[in-house]
Amino acid sequence: MGVATAQETQPANPKMNIYRATPPRINDLVHTKLAVSFDYKKRYLYGKEWITLKPHFYPTDTLRLDAKGMDIKTIAIVKNGQNIPLKFKYQDSLSLAITLDKVYRNNETYIVYIDYTSKPNELHVKGSAAISDAKGLYFINPDGTEKDKPTQIWTQGETEASSCWFPTIDQGQQKTTAEIAMTVPAKYVSLSNGKLTSQKVNGNGTRTDVWKQDLPHSPYLFMMAVGDFKIYKDKWRDKEVNYYLEPKYAPYAKQIFGDTPEQIEFYSKTLGVDYPWAKYAQIVVRDYVSGAMENTSATLHGDYVQLTPRELLDAGYDAGRSTIAHELFHQWFGDLVTAESWSNLTVNESFADFSEMLWAEHKYGQDEADAHNYAGMMGYMGNPENRTKNLVRFNYADKEEVFDGVTYQKGGRILNMLRNYLGKEAFIKA
């Protein structure tokens with residue numbers, strides 16, 4: 001991922017002087033329950049959501065949710081199993097301002113129900129140098145008209161794009177448990193965070209898979225993927241470690257991802273904290289907008305990691321192999337421990353970059369670690385402007401705008417600056 005940082009000397013755009021404090025916390029997410037289905041022809045997601053929340057500290061009778069470019073059909077408070085409609089305003093098709101049924105205090109939870117439609121292909125947002133798009137939900141070849149390209153659906157949440165496919169408080173400092181029921185074509189497999197707890201075959205050629213994430217995690221780490229993937233089942237201790245690849249590359253799953261259990265054991269012992277999530281899956285998708293993303297318990301990779309055994313012989317500790325280590329380490333630094341605001345995202349990425357050297361030294365020796373470190377350093381030092389940049393940056397664009405001839409969405413410039421900080425290969429890291 002690309003990121004930004006605090007101050008830059010004399011920014012050309014005066015908006016860059018604005019200090020971005022950590023967003024205030026009015027309400028806290030507690031649990032997010034989703035039931036979603038997909039319209040491949042329209043490129044829509046039909047969603048029903050039950051969000052459990054509580055006031056963070058002060059009593060409140062209002063709730064603000066991020067919800068980008070959606071049709072909002074119903075918003076209600078759930079009381080005794082009944083949905084009682086609530087008044088709301090949909091501000092610029094980006095944010096829901098909801099009036100609750102009463103004042104709630106921080107020892108009370110409440111459940112809000114939302115019936116909505118997500119229209120990602122009708123949402124006009126810009127990405128960054130590190131993430132080329134930011135519409136959250138992607139339909140790949142949904143009509144099957146592109147030869148030699150599979151039909152897939154996948155999501156990309158970082159930085160604040162999960163709210164393109166479900167209403168939420170789209171901030172890294174928020175953490176919530178989750179349950180996602182995905183109704184998908186029965187011929188496809190699905191993947192999401194946590195454990196697959198049930199599968200139900202429906203009578204209309206679809207199947208409903210329920211995934212449950214029992215440990216709280218941030219909204220940007222929510223993920224879904226649907227498609228024709230072959231699953232290679234591996235294991236670390238008593239936990240599932242699975243690899244999802246296109247059928248063509250499925251025979252090479254062990255060669256591509258086979259170091260993963262050893263990596264989990266190495267990082268668990270090195271950090272003194274065992275891998276915390278219910279499972280670890282890695283999935284490879286087409287047309288991904290970045291390089292990879294450390295979604296909790298389910299990392300998503302671009303298809304550059306898919307190589308044949310012959311290609312792997314020449315790959316060595318290349319971008320794909322180092323990224324596999326990088327994204328795994330994020331399961332601790334980024335997912336288990338999360339930056340309070342996007343100004344600190346460089347810290348997530350720096351730790352994950354450091355982990356690449358740790359693994360290289362452990363697996364291949366000091367020379368390989370030094371070579372990898374040197375390549376990263378040269379990529380960073382190759383840009384003289386990096387010398388003036390701070391690691392943590394509280395000044396960045398808060399809305400889509402043009403800066404230095406490039407258009408950025410909220411947080412996009414942060415990601416671009418992280419790319420500058422990390423060097424030439426950072427665009428493939430998330």
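These numbers come from the heavy atoms of this one structure, side chains and all, not from hydrogens, waters or symmetry mates. Every value quoted in this text rests on a predicted model; they were computed, and no experiment measured them.
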Give every residue pair that meets the ring pair (Phe, Tyr, Trp, His ring centres under 6.0 Å) criterion with at least one member in residues 153-175, sequence neighbours excluded. Y138-W154, W154-Y288, F166-F222
Identified salt bridge (Lys or Arg N to Asp or Glu O under 4.0 Å) partner of D143 from the options R43, K41, K149: R43
Quick check: do [X] and [Y] have side-chain heavy atoms less than 4.5 Å from each other?
X	Y	result
L245	I256	yes
F333	S355	no
M293	H330	no
P216	T177	yes
E160	K68	yes
D353	H326	yes
M224	L45	yes
W50	H31	no

Identify the heavy atoms of [X] and [Y] that sit nearest to each other, and give their distance.
X	Y	result
P120	K135	O-CD, 3.5 Å
S192	M223	OG-O, 2.7 Å
L221	E294	CD2-O, 3.6 Å
K54	V30	CG-CG2, 3.9 Å
Y267	A325	OH-CB, 3.5 Å
T323	A292	CG2-CB, 3.7 Å

Thinking salt bridges, do [X] and [Y] make one under a 4.0 Å N-O criterion?
X	Y	value
R237	E265	yes
R286	E246	yes
K119	D39	no

Roughly how far, to the nearest 0.5 Å, is [atom2] of [Y] from [atom1] of [X]?
X	Y	atom1	atom2	answer
D370	M357	CG	CE	10.0 Å
K269	H362	NZ	NE2	9.0 Å
N295	Q331	CG	CD	8.5 Å
Y275	S297	OH	OG	5.5 Å
R64	S95	CZ	OG	4.5 Å
K48	Y113	NZ	OH	3.5 Å

Checking [X] side chain against [Y] main chain: does a donor-acceptor pair fall under 3.5 Å?
X	Y	answer
K239	K279	no
Q156	E158	yes
Q173	P23	yes
T308	E311	yes
D115	T74	no
T176	L29	no
K33	I51	no
D170	S163	yes
Y243	F257	yes
T155	L137	no

Before giving the answer on side-chain contact (heavy atoms from CB on, under 4.5 Å), spell out for L86 and T99 the whole-Å C-alpha distance, their side-chain angles and the decisive distance to 0.1 Å. CA-CA 6 Å; L86 295 174; T99 301; over 6 Å; no
Going by the rule side-chain hydrogen bond (donor to acceptor under 3.5 Å, both in side chains), which residues pair with W332 if we only count those two or more places apart in sequence or in a different chain? none
With side-chain contact (heavy atoms from CB on, under 4.5 Å) as the criterion, how do T338 and Y220 come out once you've worked through the C-alpha distance, each side chain's angles and the decisive distance to 0.1 Å? CA-CA 11 Å; T338 308; Y220 78 92; 3.8 Å; yes
Counting neighbours of [atom1] on [X] that are heavy atoms of other residues, nucleotides or ligands and sit closer than 6.0 Å, is the number greater than 12?
X	atom1	value
F351	CZ	no
K254	NZ	yes
K42	NZ	no
Q255	CD	yes

Which of these passes side-chain contact (heavy atoms from CB on, under 4.5 Å) with P55: T109, D28, T60, T62? T60
I'd like to know if the side chain of [X] pairs up with that of [Y] as donor and acceptor (distance under 3.5 Å, no hydrogens or angles considered).
X	Y	answer
D209	Y188	no
W236	S268	no
Q306	Y252	no
T260	Q282	yes

Given side-chain contact (heavy atoms from CB on, under 4.5 Å), test L96 with I72 step by step and report yes or no. CA-CA 9 Å; L96 293 167; I72 305 297; 4.0 Å; yes
Evaluate E262 against W359 for side-chain contact (heavy atoms from CB on, under 4.5 Å), listing each step before the verdict. CA-CA 10 Å; E262 184 183 351; W359 174 249; 3.7 Å; yes
